[in-house]
Visitor: 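Before anything else, here's the structure in question.
The first residue of the sequence shown is numbered 1, and numbering continues consecutively from there. Computed from a predicted model, the values in this text were never measured in an experiment. Side-chain atoms are counted along with the backbone in the values below, which use heavy atoms only and exclude waters and symmetry mates.
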Amino acid sequence: LFLVKVEIRTQRKIEYFNNRIQINKNEINQLNSKYDLFDQGKEFINKEHPYVSDLDIFGNRSIFQLLNRSCTYGGRALLSRWLSSPFYDKAEIYARQEAVKNLSDKLEFNQQFIATGISDKENSQDKDIIKEWLSEPAYFSSFYFKLISVVLPIVTVFSFILVMMNKIEMTVFNFLFLLQLGLVARELKKTNKIHNQLSRRLNTVEKYASLIQLIESENFDSKKLNELKEQLRNSGINASASITQLKKLVDLMDARLNIIVALLLNGTFLYDINLMRRIERWRIQHKDDFLNWIATIAEFDAFVSLGMHAHNHPDYCFPVVESDNFILEAEQMGHPLILSSKLVKNNYTQKGFSKVDLLTGANMAGKSTFVRTIAVNLTLAMMGLPVCADKFKFTPILLFTSLRTNDSLQENESFFYAELKRLQLLMKYYENGQHVFFLLDEILKGTNSKDQQAGSEALIKKIVRLNGVGIVATYDVELSILEQQLPQNIRNLCFEITIKEDKLSFDYTLKNGVCATMNASFLMKHMDIT
């Protein structure tokens, strides 16, 4: 038995250190822009969301793959929620920045947390199973069960002693023995259900206890992390010790799987019912606490992902948050998903509302990448993360994009109508008085060029009237005339290309003005299309 225990501990250590090795291999791959081993979070894609589908927040080579290191299902779900609904309160963002900075310096803790957590794979049903058990009404706590669980075992053991002393007949003990088996058998269905619920998630329960022990033993400088840690000691209850106690009770349940042991224990001590009473007592005492502990573990789990990201990118900057008036100011800003050896960074500044930038450029000049760069970094900034820039100052604001509008055969919806619905959603935000930073790419693509230009002009002017702020990326250089009509509100920016000696050259650098060179005809000719 001693050697078996030693072997189990040794196997767990081997698994733990193999997990540590794999974690570091994965991080090296990610730093080399290899994302194949990372969770894509495809189920979180929402085409109706203001920006998720356009920015590759979820899916292959996504921001979720870049960030996610979660080891619990709750942490994974929470991280997806933060990406979809970032934070707008200045104090909250700064508190989150402090937490991320703190964890970025705790590589050992982060890797211990992840390596411990991935030892048991959770799914969406695990929490439901535990919640179902926690929410069941008390059954074994009635006076009837309290009475028989104490009296019958005492009487049965005492009768056995009297039989051994030849004071009474064996039939008395046999009657009591069979009576207890009968009572246990009557509750067998309910007992088996509880056993099944808990034993299926025993590894998860054990994992929670280990993760809480890690949190309890770590010292944090961040106020937010310490507040989370304090939630594990609510009402003076030690969370890890309490969950370990539940784990031991579940281990005791496994003794009943041996038929001979089960008969002896149940016939003599009413084992199943006494054990169910202890488990139910634990459940009643810790029902609310346990759900709070799971939620706290999930939040720590999500923060560990953010801390790992910050650790991996020490050259990124933590943004400055402004709340008085709108500002978005970035120096040497790049897209975090582009390999650093290929990354071209740009500066960008926009201040105040009722401002629209018209961004023109040729095919492949960098317009779409640039607007996504702004949006992704703004999303990360509102989560409290460092961003891919040397300096970044921003005002928290609702982000809205229309970059990848698709038609829908299932809904009998044309491409043009789908885009109109998207723009209608943007107008609703503005008309409801909500501040929005928008990014639009080639609006009204589904109609003829004359109609597109007229419609685009009308839309941009309306956005200005509604105090909107954002960027419209377009190939239509004719729209640049709007800068002359509304010089205080509209600015022309561009990405230029050069064609020299029959070769295309891209510098991907943002400039003031209007793009002077287009390349569609050139590309078609060189690809033998025309």
Side-chain angles (χ1 to χ4, degrees), residues 67-83 85-87 89 91-106 108-118 120 122 124 126-135 201 204-249 281-308 310 383-385:
L67 298 179
N68 181 38
R69 301 296 180 270
S70 59
C71 59
T72 68
Y73 185 82
R76 180 176 180 270
L78 185 59
L79 181 61
S80 75
R81 207 153 57 239
W82 289 350
L83 283 165
S85 304
F87 300 85
D89 181 71
E92 175 65 21
I93 292 171
Y94 276 137
R96 294 174 65 81
Q97 284 187 3
E98 183 187 33
V100 172
K101 288 176 185 176
N102 194 185
L103 285 173
S104 70
D105 294 330
K106 291 183 175 294
E108 182 65 19
F109 170 79
N110 295 339
Q111 293 201 1
Q112 284 180 353
F113 193 95
I114 298 170
T116 301
I118 61 177
D120 175 67
E122 293 181 58
S124 58
D126 293 339
K127 188 176 179 181
D128 293 336
I129 291 171
I130 293 173
K131 284 183 71 174
E132 179 188 353
W133 169 66
L134 288 171
S135 60
R201 295 321 315 154
T204 302
V205 170
E206 189 172 11
K207 179 177 86 171
Y208 288 158
S210 299
L211 292 176
I212 290 174
Q213 284 173 348
L214 280 172
I215 296 168
E216 288 174 341
S217 61
E218 189 70 26
N219 294 318
F220 300 102
D221 298 324
S222 158
K223 180 181 177 182
K224 190 169 192 67
L225 294 179
N226 280 317
E227 286 174 351
L228 284 174
K229 181 178 176 180
E230 196 60 34
Q231 290 178 17
L232 299 174
R233 302 181 190 140
N234 192 27
S235 304
I237 297 171
N238 185 296
S240 60
S242 298
I243 296 180
T244 300
Q245 181 187 9
L246 175 62
K247 191 257 178 188
K248 289 178 179 177
L249 291 173
R281 195 182 308 129
W282 188 98
R283 178 169 63 83
I284 293 169
Q285 183 181 355
H286 298 295
K287 174 184 175 181
D288 295 331
D289 293 325
F290 192 53
L291 291 175
N292 290 333
W293 296 336
I294 293 175
T296 302
I297 293 168
E299 194 158 356
F300 257 103
D301 191 19
F303 266 117
V304 165
S305 287
L306 305 189
M308 288 288 285
M383 289 174 62
L385 275 168

Visitor: In Å and rounded to the nearest 0.5 Å, what is the OG1 to CD1 distance from Thr204 to Ile243?
Guide: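 Going from OG1 on Thr204 over to CD1 on Ile243, the span is 11.5 Å.
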
Visitor: Judged by atom type as modelled, is there a donor-acceptor pair below 3.5 Å linking the side chain of Asn102 to the main-chain atoms of Asp221?
Guide: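 Confirmed, Asn102 side chain pairs with Asp221 backbone.
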
Visitor: Do NZ/NE/NH1/NH2 and the carboxylate oxygens of Lys207 and Glu122 come within less than 4.0 Å?
Guide: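 Yes.
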
Visitor: Could you list the residues that satisfy salt bridge (Lys or Arg N to Asp or Glu O under 4.0 Å) with Lys106, not counting sequence neighbours?
Guide: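 For Lys106 the salt bridge (Lys or Arg N to Asp or Glu O under 4.0 Å) partners, ignoring immediate neighbours, are Glu218.
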
Visitor: How are the rings of Trp133 and Trp282 set to each other: parallel, tilted or perpendicular (split at 30° and 60°)?
Guide: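 Trp133 vs Trp282 ring planes: parallel.
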
Visitor: Identify the heavy atoms of Ile93 and Phe87 that sit nearest to each other, and give their distance.
Guide: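 Distance-wise, the nearest heavy atoms are CD1-O, 3.3 Å.
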
Visitor: Would you indicate whether the side-chain heavy atoms of Ser242 and Trp293 approach each other to under 4.5 Å?
Guide: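 They are in side-chain contact.
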
Visitor: Quick one: does Leu228's side chain get under 4.5 Å of Gln231's, heavy atoms only?
Guide: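 Side-chain contact under 4.5 Å: yes.
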
Visitor: Rounded to the nearest 0.5 Å, how far apart are NZ of Lys248 and CD of Glu206?
Guide: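 Nearest 0.5 Å value for the NZ-CD distance: 11.5 Å.
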
Visitor: Please evaluate residues Leu211 and Asp301 with respect to the criterion side-chain contact (heavy atoms from CB on, under 4.5 Å), reporting the C-alpha separation (whole Å), side-chain torsions for both, the decisive distance (0.1 Å), and the verdict.
Guide: CA-CA 9 Å; Leu211 292 176; Asp301 191 19; over 6 Å; no

Visitor: With a 3.5 Å distance limit and no angle check, can you tell me whether Ser217 reaches the backbone of Leu214 through a side-chain donor-acceptor pair?
Guide: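 Side chain of Ser217 to backbone of Leu214: a pair is present.
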
Visitor: Is a donor on one side and an acceptor on the other found under 3.5 Å between the side chain of Ser85 and the backbone of Trp82?
Guide: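 Checking the backbone N and O of Trp82 against the side chain of Ser85, no donor-acceptor pair under 3.5 Å is found.
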
Visitor: Could you check if a side-chain atom of Leu246 sits within less than 4.5 angstrom of a side-chain atom of His286, using non-hydrogen atoms only?
Guide: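 The answer is no, as the side chains (C-beta and beyond) never meet within the 4.5 Å cut-off.
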
Visitor: Where do Phe220 and Phe300 land on the ring pair (Phe, Tyr, Trp, His ring centres under 6.0 Å) test, with the steps shown first?
Guide: CA-CA 12 Å; Phe220 300 102; Phe300 257 103; 5.5 Å; yes

Visitor: Applying salt bridge (Lys or Arg N to Asp or Glu O under 4.0 Å), name anything that partners Glu227, two or more places apart in sequence or on another chain.
Guide: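 So Glu227 forms no salt bridge (Lys or Arg N to Asp or Glu O under 4.0 Å) with any residue.
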
Visitor: Can you name the nearest heavy-atom pair linking Ala241 to Asn238, along with the distance?
Guide: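 Answer, listing the atom of Ala241 first, then Asn238: N-OD1, 2.9 Å.
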
Visitor: So, do Thr116 and Ser210 sit near enough that their side-chain heavy atoms are less than 4.5 Å apart?
Guide: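 Yes, close enough: below the 4.5 Å cut-off.
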
Visitor: Within the structure provided, determine whether Arg283 and Phe290 are in side-chain contact (heavy-atom separation under 4.5 Å).
Guide: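 No. Closest side-chain heavy atoms not under 4.5 Å.
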
Visitor: Between Asn110 and Leu103, is there a donor-acceptor pair closer than 3.5 Å when you use the side chain of the first and the backbone of the second?
Guide: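 Yes; at least one donor-acceptor contact below 3.5 Å.
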
Visitor: With Lys224, which of Glu98, Lys229, Gln97, Glu92 fulfils side-chain contact (heavy atoms from CB on, under 4.5 Å)?
Guide: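 The single option meeting the side-chain contact (heavy atoms from CB on, under 4.5 Å) with Lys224 is Glu92.
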
